[in-house]
Amino acid sequence: MKKLKLIFFLLLPLISIKAQSVDDILIGDKNLPDVLLIGTFHFSYYDEDTYKTNPEDRIDILSDKRQLEIKELVEYISRFKPTKIFVEDFNKNNILMNNYREYKNGNYQLTSDEIDQIAYRLMDDFQLDTIYGVDQKTIFQTLYSNDETKDYAFDLYKGLDFERDFLDSEIGKKYMKLYEYEDQYLLENSMLDYFKWLNSPEKKNRGFYSLFAGIFGQEDERVADASTIGMVSRNFRTLNLIEKNINSANDRILILFGSSHTDFFKLYYESSPEHNLIEFNDLENYNE
């Protein structure tokens with residue numbers, strides 16, 4: 001008997017548990033809501049970002065040519081059959097739904113804004129009764145608006161200039177060249193072709209890094225904290241608000257935001273075992 005026990009313990013290290021898929025544990029056979037991220041540029045060229053398109057390189061989204069291309073783009077996106085649409089807007093005084101109702105009643109002409117051109121048309125096509133404006137202010141703005149924390153917020157950013165750091169860095173200069181190329185690509189291609197390029201995995205991956213290019217690696221460690229309460233908090237607050245409104249495994253969630261935001265959101269949804277991220281360029285093969 002002692003020999004049998006000895007043989008058992010000698011063989012024990014050779015006995016191993018078969019490796020199981022992580023998703024078998026975290027997901028199993030559970031249905032997940034589909035999420036489609038659509039990164040865009042601002043059709044109305046608001047000039048609020050570091051890179052600003054030259055006037056001669058801007059397209060007229062309301063021209064006959066571009067309107068036909070918008071219809072082609074919307075038709076392509078329609079393969080997703082969204083049940084909820086989330087857009088980059090603070091939706092003050094419920095302006096999004098007010099404008100949409102006026103549009104449905106024939107009293108509102110669609111502007112060049114991407115929400116009007118894409119989201120409203122999709123809402124109309126799929127008879128959706130709500131559009132979700134989920135843009136959020138940053139923690140910095142919250143702290144700065146409070147008398148008790150205003151000085152802390154001010155001191156945290158004092159002497160920091162992220163835009164200058166980006167523009168002065170070698171990688172920042174390369175990104176600026178990329179943005180110039182992006183403008184030229186749009187001028188010479190259709191809206192659908194441009195959106196497929198803008199939302200390609202390679203572009204989204206490199207787009208995420210642009211948020212931090214030229215910023216990190218400084219001796220002043222405040223850059224990490226300032227980045228966190230700035231752009232990072234805005235994106236996380238937005239994601240939190242989106243998640244509050246996903247309440248069914250049958251939801252098909254369309255998120256239309258500036259591409260720098262969707263590049264950020266991609267990391268969240270790509271790693272999530274509670275969502276099924278749909279690639280924009282795979283919509284041709286999409287089956288709900």
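Residues: numbered from 1 along the sequence shown. In this text, all values refer to a predicted model and were calculated from it rather than measured experimentally.
Residues Thr40 and Glu114 come closest through the heavy atom pair CG2-CG, 4.0 Å. Shortest non-hydrogen contact noted between Leu283 and Ile77 is CD1-CA, 4.0 Å. Here the shortest heavy-atom pairing between Pro273 and Leu26 reads CB-CB, 3.9 Å. Summarising the geometry of Phe140 relative to Ala153, their closest heavy-atom pair is CE1-O, 3.4 Å, with the distance given to 0.1 Å. The nearest pair of heavy atoms linking Asp263 to Lys203 is OD2-O, 4.4 Å. Residues Ser271 and Leu267 come closest through the heavy atom pair OG-O, 3.0 Å.
In this structure, Glu163 contributes its side chain and Thr50 its backbone to no donor-acceptor pair below 3.5 Å. Tyr100 places no side-chain N or O within 3.5 Å of a backbone atom of Asp129 that could act as its donor or acceptor partner. With Arg79 contributing its side chain and Tyr286 its backbone, the two residues share no donor-acceptor pair below 3.5 Å. Side-chain N or O atoms of Thr262 include none that pairs as donor or acceptor with a backbone N or O of Phe265 at under 3.5 Å. Under a 3.5 Å cut-off, the side chain of Thr83 and the backbone N or O of Arg252 do form a donor-acceptor pair. Although no hydrogens or angles enter the test, the distance criterion places a donor-acceptor pair under 3.5 Å between the side chain of Asn91 and the main chain of Leu96.
Considering only residues two or more places apart in sequence or on other chains, Glu170 meets the salt bridge (Lys or Arg N to Asp or Glu O under 4.0 Å) condition with Lys174. For the salt bridge (Lys or Arg N to Asp or Glu O under 4.0 Å) test, residues two or more places apart in sequence or in another chain that qualify with Arg222 are Asp220. Every residue two or more places apart in sequence or in another chain that forms a side-chain hydrogen bond (donor to acceptor under 3.5 Å, both in side chains) with Lys81 is listed here: Glu288. Take Ser272 and apply the side-chain contact (heavy atoms from CB on, under 4.5 Å) test, not counting sequence neighbours, and it matches Glu274, His275. Every residue two or more places apart in sequence or in another chain that forms a side-chain contact (heavy atoms from CB on, under 4.5 Å) with Asp225 is listed here: Leu156. The salt bridge (Lys or Arg N to Asp or Glu O under 4.0 Å) check on Asp251 picks up Lys84, with sequence neighbours excluded. In this structure Glu243 satisfies the salt bridge (Lys or Arg N to Asp or Glu O under 4.0 Å) test with no other residue, sequence neighbours excluded. The side-chain contact (heavy atoms from CB on, under 4.5 Å) test applied to Ser260 returns Leu211, not counting sequence neighbours. Partners of Gln127 according to the side-chain contact (heavy atoms from CB on, under 4.5 Å) rule, which considers only residues two or more places apart in sequence or in another chain, are Lys104, Asp124.
Sorted by first then second residue, the side-chain hydrogen bond (donor to acceptor under 3.5 Å, both in side chains) pairs that include residues 144-162, not counting sequence neighbours, number zero. Residue pairs meeting the side-chain hydrogen bond (donor to acceptor under 3.5 Å, both in side chains) criterion with at least one partner in residues 227-239, sequence neighbours excluded, are Glu88-Arg234, Asp135-Arg234, Thr142-Arg237, Asn235-His261. Sorted by first and then second residue, the salt bridge (charged side-chain N to carboxylate O under 4.0 Å, His left out) pairs involving residues 55-64 (not counting sequence neighbours) are Asp47-Arg58.
Taking the six-membered ring wherever Trp is involved, the centroid distance between the rings of Tyr268 and Phe264 does not fall below 6.0 Å. Aromatic pair Tyr76/Phe280: centroids less than 6.0 angstrom apart.
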- Message: As a quick check of understanding, evaluate side chain to side chain donor-acceptor pair (under 3.5 Å) for Tyr51 and Asp183, giving each step before the final call.
- Response: CA-CA 11 Å; Tyr51 177 80; Asp183 285 341; 2.6 Å; yes
- Task: Verify side chain to side chain donor-acceptor pair (under 3.5 Å) between Asn98 and Tyr108, making sure each step is shown before the conclusion.
- Result: CA-CA 10 Å; Asn98 290 338; Tyr108 177 83; over 6 Å; no
- Item | salt bridge (charged side-chain N to carboxylate O under 4.0 Å, His left out) assessment of Lys177 paired with Glu180 | CA-CA 5 Å; Lys177 289 183 179 179; Glu180 291 174 2; over 6 Å; no
- Query: Checking ring-ring contact (aromatic ring centres under 6.0 Å, His included) for the pair Phe86/Phe257: CA distance, chi angles, key distance, verdict?
  - Reply: CA-CA 8 Å; Phe86 297 84; Phe257 259 72; 8.9 Å; no
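Once rounded to the nearest 0.5 Å, the distance linking CG of Asp168 with CD1 of Ile171 reads 14.0 Å. The CD atom of Glu72 sits 11.0 Å away from the CZ atom of Arg66 when rounded to the nearest 0.5 Å. With values rounded to the nearest 0.5 angstrom, Ser169 atom OG is found 10.5 Å from Met176 atom CE. Atom CG of residue Asn240 and atom CZ of residue Phe236 lie 10.5 Å apart, to the nearest 0.5 angstrom. In this structure, the separation between OG on Ser112 and NE2 on His42 is 12.0 Å, given to the nearest 0.5 Å. Interatomic distance, Ile278 CD1 to Asn276 CG, rounded to the nearest 0.5 Å: 4.0 Å.
Summarising the local packing, CG of Asn93 is surrounded by 12 or fewer heavy atoms from other residues, nucleotides or ligands at distances under 6.0 Å. Atom CG of Leu187 is surrounded by more than 12 heavy atoms from other residues, nucleotides or ligands within 6.0 Å. The environment of NZ in Lys173 is crowded: more than 12 heavy-atom neighbours from other residues, nucleotides or ligands sit within 6.0 Å. More than 12 heavy atoms of other residues, nucleotides or ligands sit less than 6.0 Å from atom NZ of Lys52. Around CZ of Phe154, the count of heavy atoms belonging to other residues, nucleotides or ligands within 6.0 Å does not exceed 12.
Between Glu202 and Arg206 there is no salt bridge, since no side-chain N of the basic residue sits under 4.0 Å from a carboxylate O of the acidic one. For Glu284 and Lys196, the salt-bridge test passes: some basic side-chain N is under 4.0 Å from an acidic carboxylate O.
When Tyr181, Trp197, Tyr194 are each tested for a side-chain contact (heavy atoms from CB on, under 4.5 Å) with Leu186, only one passes: Tyr194.
Looking only at side-chain heavy atoms (C-beta outward), Ile255 and Ile253 come within less than 4.5 Å of each other.
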